[in-house]
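Data first, discussion second: the structure below is written as structure tokens.
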Amino acid sequence: MTDEIRLRFAPSPTGYFHVGGARTALYNWLVAKKSGGQFILRIDDTDEQRNKDEWTDGILAALGWLEITFDEGPYFQSQRKSLYSETARRLFESGLAYFCSCTREEIDERARLRGGRPGYDGFCRDRGLQPKEGYALRFKVPDGETIVDDQVRGRVVFSNSTIEDFILLKGNGAALYVLANFVDDVDLRITHVIRAEEHLPTTPKAVLLYQALGLRPPVFAHLPVLVNEKRVKLSKRRDRVAVEDFRDQGFLPEAMVNYLALLGWSPGDDVEFLSREEMLDRFDLSRVSKAPAFFDVVKMTHFNKHYIMIMELDRFVEESVRFLESEDFWTGDEAQRAKLTEVAPFVKERIALLSEVVPMVDFLFADLKELGLPIGPFSDSDQVILSRYVDRVERLQEFRKDDLESEFRELGEELSISLRKLQAPIRLAVTGRKVGPPLFVAMEVLGRDTSIRRIKGALGQRV
RNA sequence: GGCCCCAUCGUCUAGAGGCCCAGGACAUCACCCUCUCAAGGUGGAGACACGGGUUCGAAUCCCGUUGGGGCUGCCA
């Protein structure tokens, strides 16, 4: 029982769930799962002003999408308040904490007079104040030093003189992060705390609390922060970091997870594509790097492309439908799905984001005009190509891609023109675009009538 | 300002004293392949922040400098 490994992910629901949180959750999950331990979800919503249920729903949805599953929870700190006041009372009664009547203004004023150094000066330490509405409860930081033994950073020593008597309970009696976090970690028997580096400076406070109550602190591991191109911590306000946005853009969860796993961790060899099983097998906190890492969407896109390419065809079709459904032309009927399935293998290996499916296949489902696609321009030589090609394919018994291609190649020889140049006007006439699936596949799926109609239509469109 | 963390190609990283005139991946450039776009293949350019030590020998250890970051709230 005491040997049981238990980790938790404790996000605060103050905004969209972002990639940094996802990475933290993933690392916790990995350590829990590979050690046969438990992974617990706890919602740190002690700050009622800034928390909203919808953010919690978003976190749950995103974790589910990424398949980061939890064994217990979610627990909500907002529902565990009595636990915090109970511990606070014990701390106060045993003289480890005291009440303080100072306002922010008073503290700042004294700091100013003292000579600039901001922070609380311990003014109420020995005043023997009793609990009262409006009084905050502060922890009496002892002399000496506090050591944080960190799995990724090693031994970090803090001189207690640099740690002010921090607040445990607000004036309204509500618990603050350090207290609530500590109480819950103890109560939930958390053995490993893995979180972002920004929490490192508050860690000695937690350690002090464990020591004050004669408890053994958990193992700590502080992950390097994720930064933007300016190398400052990723922020929900400045940067595009919401997991759900990436999902909506057509990123695959396995691509995100794989990329995130490698952002700050490396298996040690040159392998980059790792399945869940391989990650579980190889993940090791001691191989987590210490330096901040740039969240590079371009590289994540590369992972996405890879995972789209190796995806099962059926799933690819289903995922594609998600993006087609928001288009007017998509009815989702049998015929449309059949066409989609036919071109899918060719589309699958050409896109990096699922959202790119739409411009790859839209010409199959609606008139080019309706799609706002150009019909032309076609030069005189294009006209020659189009008319000669349509003459040829009109005579075809079967409108099959192989025959369409044979005719195409023969025409190329006949006109002594490179196939690259030859395909351009035909593709534009048939699909309205310069890029897309292989032309003859496109034509076969589109069908004889529409294909020929579009080419003939283009013939009437001189520059 | 104070406390703390960090420092290898543009980016993510490998490297735990000699295997490194530093390897891989993304991005980038060139060429090949090719019906477009992709994919694939070949090749190129591209980094140990700086200065001192320690050592026969340092990207790797120590110190300093510089640079970057985090925290500094009755937020988490």
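What you see is a predicted model; the values in this text were computed from it and never measured. Numbers restart at 1 for each chain; the letters A, B, ... are given by sequence-line order, proteins then strands.
Here B/rA38 presents its P atom at 19 Å from CE of A/M311, a figure rounded to the nearest Å. Spacing between atom CZ of A/R153 and atom P of B/rG69 amounts to 16 Å, rounded to whole angstrom units. Whole-Å rounding puts the A/L419 CG to B/rC37 C1' distance at 16 Å. Rounded to whole Å, the distance from CZ on A/R350 to C1' on B/rC37 is 6 Å. Taking atom CG of residue A/L439 and atom C1' of nucleotide B/rU36, one finds them 8 Å apart after rounding to whole Å. Here the C1' atom of nucleotide B/rC12 and the CG atom of A/L223 are 15 Å apart, to the nearest Å. Separating the CG atom of A/D165 from the P atom of B/rC3 is a distance of 18 Å, rounded to the nearest angstrom. For the pair A/N304 CG and B/rA39 P, the computed distance is 13 Å after rounding to whole Å.
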Scoring nucleotides 21-28 of chain B by protein non-hydrogen atoms under 4.0 Å (B base, S sugar-phosphate only, - none) yields --BBBSS-
Heavy-atom protein contacts under 4.0 Å, nucleotides 70-76 of chain B, coded B base, S sugar-phosphate only, - none: BS-SBBB
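One side chain, A/N160 or A/T146, offers a donor N or O that lies under 3.5 Å from an acceptor on the other.
Within the 4.5 Å cutoff, the side chain of A/D150 has heavy atoms near those of the A/L200 side chain.
Under the side chain to side chain donor-acceptor pair (under 3.5 Å) criterion, the residue pairs touching residues 291-305 of chain A are A/E272-A/K299, with sequence neighbours excluded. Among residue pairs with one or both ends in residues 249-260 of chain A, those qualifying as salt bridge (Lys or Arg N to Asp or Glu O under 4.0 Å) are A/E254-A/R315; sequence neighbours excluded.
Across the strands present, B/rC37 finds no partner; the criterion is a Watson-Crick or G-U wobble pair with both atom distances under 3.5 angstrom. Remark: B/rG64 base-pairs with B/rC50. Criterion, Watson-Crick or G-U wobble with two distances under 3.5 Å.
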Produce the list of close N/O pairs, under 3.5 Å, pairing protein atoms with atoms of nucleotides 43-49 of chain B; give distances to one decimal.
none

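Nearest nucleotide to the A/P438 side chain, out of B/rC12, B/rC35, B/rC5: B/rC35.
One finds a side-chain N or O of A/S289 lying less than 4.0 angstrom from the OP1 or OP2 phosphate oxygen of B/rU13.
A heavy atom closer than 4.0 Å to some atom of RNA chain B occurs in A/Q423, A/R427, A/K434, A/V435, A/G436, A/P437, these being the qualifying members of residues 423-437 of chain A.
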Kindly indicate, with the supporting measurements, whether the criterion ring-ring contact (aromatic ring centres under 6.0 Å, His included) is fulfilled by A/H199 and A/Y177. CA-CA 11 Å; A/H199 293 279; A/Y177 165 74; 5.6 Å; yes
Start with the C-alpha gap between A/Y120 and A/F166, add the side-chain angles, then the distance that decides, and say whether ring-ring contact (aromatic ring centres under 6.0 Å, His included) holds. CA-CA 8 Å; A/Y120 184 64; A/F166 54 92; over 10 Å; no
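Residue A/R287 places no side-chain atom within donor-acceptor reach of the base of B/rU13, judged by atom type and a 3.5 Å distance cut-off alone.
Note on A/K305: only backbone sugar-phosphate atoms sit closer than 4.0 angstrom, heavy atoms only; bases stay farther off. No contact: A/G412 has no heavy atom under 4.0 Å from any strand. Nucleic acid contact for A/L262: sugar-phosphate only, since backbone atoms but no base atoms lie under 4.0 Å from a heavy atom of the residue.
Atoms CG and OH, from A/L263 and A/Y27 in turn, are 6.5 Å apart once rounded to the nearest 0.5 Å.
In summary, of the residues considered (A/F295, A/F17, A/Y259, A/F303), a ring-ring contact (aromatic ring centres under 6.0 Å, His included) with A/F246 occurs for A/F295 alone.
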